[in-house]
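Whatever order the structure lists them in is the order used to number ligands and atoms, beginning at 1.
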Amino acid sequence: MALYSEKVMDHFQNPRNVGKIDDADGIGEVGNAKCGDIMRMYIKVNDGIITDCKFNTFGCGSAIATSSMATELIKGKPVEEALKLSNQAVVEALDGLPTHKIHCSVLAEEAVRAAVKDYYDKNGIAYDPEALKVSDCEACSME
Ligand code: FES
């Protein structure tokens, strides 16, 4: 079996929604201290719906593929639904990732959460800080 699925290769070679939203409603930036990869996610929100989403990832192929898929999964969805996006859902949508690359998908989940948190902060929307905590994933710190 190939190390990477066709979908991973496709999203790595032809990433969707790459770029920046100048008037973004929320911007989330997360990084992995171990590998040094950085992911920045921009969201545009209208009436509680994520109408646009773009990303810039300075990192590995899996980080690019997972950010690309994450933007596809949250675009057009209510903000609350985007918050429920798990790294497992991103991995499943990509037809899997090698075990040692799962932490890259955690970065994508956290970038979405960080962008939503920024949106909530900028708009004075109350939230449970625990639910929106962005932390280093266990897999990353074990490497
Ligand atoms: Fe750093 Fe993939 S190796 S996010």
What protein N/O/S atoms sit under 2.8 Å from atom 2 (Fe) of ligand 1, by chain and number?
C60 SG, C104 SG
Under a plain distance cut-off of 3.5 Å, with no hydrogens placed, do Y127 and D121 share a side-chain donor-acceptor pair?
yes
I21 vs I43, test: side-chain contact (heavy atoms from CB on, under 4.5 Å). Steps then yes/no.
CA-CA 7 Å; I21 300 177; I43 56 171; 6.0 Å; no
Output all residues satisfying side-chain hydrogen bond (donor to acceptor under 3.5 Å, both in side chains) with S68, sequence neighbours left out; order by chain, then residue number.
H11
So does I49 get a backbone contact from the side chain of D47, meaning a donor-acceptor N/O pair under 3.5 Å?
no
Within the distance-only criterion (no hydrogens, no angle test), does the side chain of K44 pair as donor or acceptor with the backbone N or O of D23 below 3.5 angstrom?
yes
Return yes if a side-chain donor-acceptor contact under 3.5 Å exists between N17 and T71, otherwise no.
yes
